[in-house]
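The next block holds one structure in the form of structure tokens; read it before the comments.
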Amino acid sequence: MGTKASILTAVSELPDTALDRAAVLDARDSLHHFRARFVDAQPDLIYLDGNSLGRLAHVVADEWGNELVRGWDHWIDDALRIGDLIGTQLVGAQPGEVAVSDSTTVNLYKLADAALTARPGRRVVVAARDEFPTDRYVLEGLVTRHGMALRWIDSDPIEGATTADVARALDEDVALVLLSLVNYRSSAFAHMPAVTAAAHDVGALMLWDLSHAVAAVPVDLEGSGADLAVGCTYKYLCGGPGSPAFLYVRRELQRTLRNPIQGWFGQADMFAMGPAYDPDPGIRGWLAGTPGILALAAIEEGARLTAEAGMTAIRQKSTALTEFGIELLDERLTPLGCSLGSPRDSARRGSHISIRHARGKELVNELAARGVITDFREPDSIRFGMPPLTASFSDVCRGVLALEDVLRTSF
Ligand SMILES: *Cc1c(COP(=O)(O)O)cnc(C)c1O
């Protein structure tokens, strides 16, 4: 497997105790120095959840403090400039195909509604039954409004939707297929070009949710032929709580599809304040209103650091981190009633692992009380997120050892 990390090749020769092994892996980690460039207000906290801040001090003091409303003109361009940065450096888009705006939920609504409107006569939208809730809810509302129906893809809860699973749900009645590239619970990593091709074979549009994929796994929107995509910036892109999301509309579709939210940020000449809506023909036509400027600055910093590290190195480290976590899980947690809730094949896994345990929710709370921050996902998954720029092998190890200790002493 091409992405297998070289840092891990010699794990079997590593020192015996888990923490010593983690220290050796950290010493060999070429991205380890990036950690120092993130805010670390609580050095003892083990943060397996992913978040950061960056340039905020500069934005608050210089731009907000000094420029005030005079900064407005370049703030508008920020949504497109930072969109281009994410687009060209991180997700394989062309300039002018990605914009930062609104929440993932709102962007999903805009793109999915535009897609359904562009496929009149078709009555079905295909999505995964275990898709992230907001994605399912948005589609549920849209199909009702458009007089259409949802058709669910059922797949193995750990391995996720295979191309065959998607293909089984497709026919000429399908207008749109929505899938997360990396599943939020299991971390299953879908095959982007093959799934997209299957959707196109029946004449459907393909919309990818990149929320758990951007800055975690390599994404090639153009190479895979994707039509539309949305993604979250407060996960691996480190935009901070509530930072705006991004959207991608393939250039050929920008004129034929139509943004259902006709806001002033999408207006061709927005400061003319004209009487009627006349959308910008490019990606700006997919904006709606004022984005959160402070968060945009944080996103830019996260995207720059990610681009500087490079997606190849990030993927290598991410794979090594999740492989190390799985190795420790097998060794220490499986005997205590845990099991892996993520694909074992590293090529089919994103940058988090799910550890399943019937009392997962209590375990996540107990871990938090001990300074180890993870996530619980229904019904039984403890999610260890491993953002490659900030997580260390020692973090992963200390997280697993803490879970082992909780299981041995309190359960
Ligand atoms: C995190 C996430 C979202 C977040 O949506 P918001 O509108 O930003 O709250 C949406 N979809 C997926 C798949 C996610 O992982």
Side-chain angles (χ1 to χ4, degrees), residues 48-52 79 82-83 86 90-91 98-113 125-142 150 152-153 155 157 160-161 166 176-190 192 195 206-217 219 221 226 228-248 260-261 286-289 291-292 294-296 298-299 302 341-342 349-354 373-378 381 383-387:
L48 294 167
D49 214 345
N51 203 345
S52 86
I82 299 167
I86 295 171
L90 307 182
V91 295
V98 172
V100 178
S101 76
D102 308 305
S103 63
T104 308
T105 305
V106 171
N107 287 334
L108 258 168
Y109 180 93
K110 292 191 288 192
L111 299 193
D113 181 74
V125 174
V126 166
R129 198 185 294 277
D130 67 352
E131 189 52 87
F132 189 80
T134 209
D135 300 50
R136 290 184 279 111
Y137 303 157
V138 164
L139 291 182
E140 211 181 290
L142 278 174
L150 267 168
W152 298 117
I153 304 164
S155 47
V166 179
L176 176 70
V177 180
L178 166 74
L179 192 64
S180 274
L181 186 56
V182 173
N183 181 273
Y184 78 103
R185 186 189 289 110
S186 74
S187 197
F189 181 11
M192 197 171 189
V195 169
M206 183 72 217
L207 167 51
W208 288 97
D209 191 325
L210 305 178
S211 290
H212 283 277
V214 62
V217 298
V219 179
L221 282 164
L228 305 163
V230 294
C232 178
T233 61
Y234 54 78
K235 289 161 184 153
Y236 295 94
L237 269 176
C238 307
S243 62
F246 65 92
L247 56 78
Y248 163 84
I261 303 180
W286 294 86
L287 300 180
L294 297 181
L296 271 175
I299 297 169
S342 298
R349 189 173 66 238
S351 202
H352 68 269
I353 64 170
S354 278
I373 309 303
T374 60
D375 259 326
F376 175 70
R377 284 295 173 264
E378 293 288 351
S381 291
R383 198 170 66 177
F384 275 46
M386 305 178 189

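Read the numbers this way: they start at 1 and go in the same order the structure lists the ligands and their atoms. We use all heavy atoms of the structure for the numbers below, so side chains are in, but hydrogens, waters and symmetry mates are not.
Remark: Phe246 CZ to Thr104 OG1 distance equals 8.0 Å, nearest 0.5 Å. Taking NE2 of His352 as the reference point, atom CZ of Arg383 lies at 5.5 Å (rounded to 0.5 Å).
Partners of Ser381 under the side-chain hydrogen bond (donor to acceptor under 3.5 Å, both in side chains) rule, at least two apart in sequence or in another chain, do not exist in this structure. In this view, Thr374 satisfies the side-chain hydrogen bond (donor to acceptor under 3.5 Å, both in side chains) rule with no residue, not counting sequence neighbours.
At a heavy-atom cutoff of 4.0 Å, ligand 1 is contacted by the side chain of Thr134 but not by its backbone.
Among the atoms of Thr105, some N or O lies under 3.5 angstrom from an N or O of ligand 1. Taking only nitrogen or oxygen atoms, main chain and side chain alike, Lys235 reaches within less than 3.5 Å of ligand 1. Backbone and side-chain nitrogen or oxygen atoms of Asp209 are examined, and one is located within less than 3.5 angstrom of a nitrogen or oxygen of ligand 1.
Which parts of ligand 1 touch Tyr234 is read off a 4.0 Å heavy-atom cut-off, strictly below it: atoms 1 (C), 4 (C), 5 (O), 6 (P), 8 (O), 9 (O). Close approach of ligand 1 to His212 is summarised as follows: ligand atoms under 4.0 Å from at least one heavy atom of the residue are 15 (O). Atoms of ligand 1 lying under 4.0 Å from any heavy atom of Ser180, numbered from 1 in the order shown and given with element: 13 (C).
Side chain of Arg349 to backbone of Ser187: no donor-acceptor contact under 3.5 angstrom is found. A distance-only check finds a donor-acceptor pair linking the side chain of Ser342 to the backbone of Ser186 [under 3.5 Å]. Put simply, the side chain of Tyr236 gets close to the backbone of Ser351: a donor and an acceptor are under 3.5 Å apart.
For atom 5 (O) of ligand 1, the nearest non-hydrogen atom of the protein is Thr104 CB, 3.4 Å.
When the heavy-atom distances from atom 11 (N) of ligand 1 to Asp135, Asn183, Leu210 are ranked, the shortest goes to Asp135.
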